[in-house]
Amino acid sequence: AQSVTQPDIHITVSEGASLELRCNYSYGATPYLFWYVQSPGQGLQLLLKYFSGDTLVQGIKGFEAEFKRSQSSFNLRKPSVHWSDAAEYFCAVGLSGGSYIPTFGRGTSLIVHP
Amino acid sequence: NAGVTQTPKFRVLKTGQSMTLLCAQDMNHEYMYWYRQDPGMGLRLIHYSVGEGTTAKGEVPDGYNVSRLKKQNFLLGLESAAPSQTSVYFCASRGSVGEQFFGPGTRLTVL
């Protein structure tokens, strides 16, 4: 069965430090890959997506993610975290064709210390 | 371009009452989804639709019904609300490469 794993439930970083959030998936083929961010009391907002081509994708708010087929990973990175980045981050995976039902990870809560 | 909107934003029901949550999108998307989000449970798919007039069950459909009479609208109904349905409900639509556009959510409390 397809699955998405975000190993870290919580991550705490200091403002200005670099960030990497992990995402691993289990699929037979190369899926579509996404990262979403959810600020408190808000809906989910798309940060970035990968569906083909360059394995390093740039997103909004200074985030980037790298697709590594050999590791079945799609980790999210940011070189310098801002206090406003504190939020919940979700990795999601989808397959093309048929009824499109993406699978979401459980989320990683990012805490930013001043 | 409003994207995905949801009404109402908040609602308190008593056990056994009914209500309908409305989702609207102005992006001409075919696919629409209803999720619930509970602490520690992530997002769980309730129902989804692949086009006007179609609906299908997701992971947790019991106690909910849906309708997609118009392409831009996707309604979620609770016929007889239960405390276990206290949650935050999100509607989403699907973009051209599978990305989803989410509404702001409806916070529902069932007493």
Side-chain angles (χ1 to χ4, degrees), chain A residues 1-10 23 25 27 29-54 57-60 63 65 67 74 87-109, chain B residues 2-10 21 23-25 27 29-51 54-61 66 68 74 87-108:
Chain A
Q2 55 201 34
S3 65
V4 178
T5 302
Q6 293 181 247
D8 304 304
I9 297 175
H10 302 282
C23 174
Y25 64 89
Y27 279 84
T30 299
Y32 298 154
L33 299 160
F34 311 92
W35 276 99
Y36 294 87
V37 60
Q38 184 181 29
S39 297
Q42 306 290 319
L44 280 70
Q45 180 185 17
L46 180 70
L47 279 176
L48 47 76
K49 60 191 176 191
Y50 171 82
F51 54 96
S52 67
D54 193 346
V57 293
Q58 303 297 320
I60 62 171
F63 285 91
F67 167 56
F74 189 57
E88 190 86 14
Y89 291 82
F90 293 91
C91 179
V93 176
L95 291 174
S96 61
S99 291
Y100 183 81
I101 304 175
T103 301
F104 283 81
R106 289 292 184 93
T108 298
S109 177
Chain B
V4 179
T5 58
Q6 292 183 234
T7 53
K9 289 185 169 52
F10 303 94
L21 284 68
C23 176
Q25 53 98 1
M27 296 171 283
H29 290 162
E30 293 290 342
Y31 285 63
M32 295 185 73
Y33 308 80
W34 275 107
Y35 293 92
R36 60 178 291 173
Q37 185 179 37
D38 303 289
M41 302 293 291
L43 282 171
R44 291 185 291 171
L45 181 65
I46 305 171
H47 286 279
Y48 65 101
S49 169
V50 301
T54 75
T55 63
K57 294 180 180 179
E59 180 186 356
V60 289
V66 287
R68 185 97 181 269
F74 195 27
S87 187
V88 181
Y89 292 85
F90 289 101
C91 176
S93 65
R94 177 196 168 183
S96 59
V97 290
E99 73 275 32
Q100 288 181 300
F101 297 85
F102 285 83
T106 295
R107 188 173 297 274
L108 174 66

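Within every chain, numbering begins at 1; the chains are lettered A, B, ... in the order of the sequence lines, protein sequences first and strands thereafter. Here the structure is a predicted model, which is why all the values come from computation and not from measurement.
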Exercise. Quick one: closest heavy-atom pair of Leu44(A) and Phe102(B), and the distance?
Key: O-CB, 3.4 Å

Quiz prompt | Proximity breakdown for Gln6(B) and chain A, heavy-atom pairs closer than 4.5 Å | solution = neither

Quiz item: What pair of heavy atoms forms the shortest contact from Tyr100(A) to Arg94(B), and how long is it?
Solution: CB-NH1, 3.2 Å

Exercise. Give, as side chain, backbone, both or neither, the part of Tyr33(B) having an atom under 4.5 angstrom from any heavy atom of chain A.
Key: side chain

Exercise. Over all heavy atoms of both residues, which pair between Gly40(B) and Arg106(A) is shortest? Give the atoms and the distance, please.
Key: O-NH1, 3.0 Å

Quiz item: Would you find more than 12 non-hydrogen atoms of other residues, nucleotides or ligands less than 6.0 Å from Arg44(B) atom CZ?
Solution: yes

Exercise. Please name the pair of heavy atoms, one in Phe90(A) and one in Gln37(B), separated by the smallest distance, quoted to 0.1 Å.
Key: CZ-NE2, 3.5 Å

Exercise. Verify the neighbour count for atom CD1 of Ile9(A): are there more than 12 heavy atoms of other residues, nucleotides or ligands below 6.0 Å?
Key: no

Exercise. Against chain B, label Glu88(A) side chain, backbone, both or neither, depending on which of its atoms sit under 4.5 Å from a heavy atom there.
Key: neither

Quiz item: So which heavy atom on Val97(B) is nearest to which on Tyr32(A), and how close?
Solution: O-CD1, 3.3 Å

Exercise. Heavy atoms only: give me the nearest Tyr36(A)-Gln100(B) pair and the separation to one decimal.
Key: OH-N, 2.8 Å

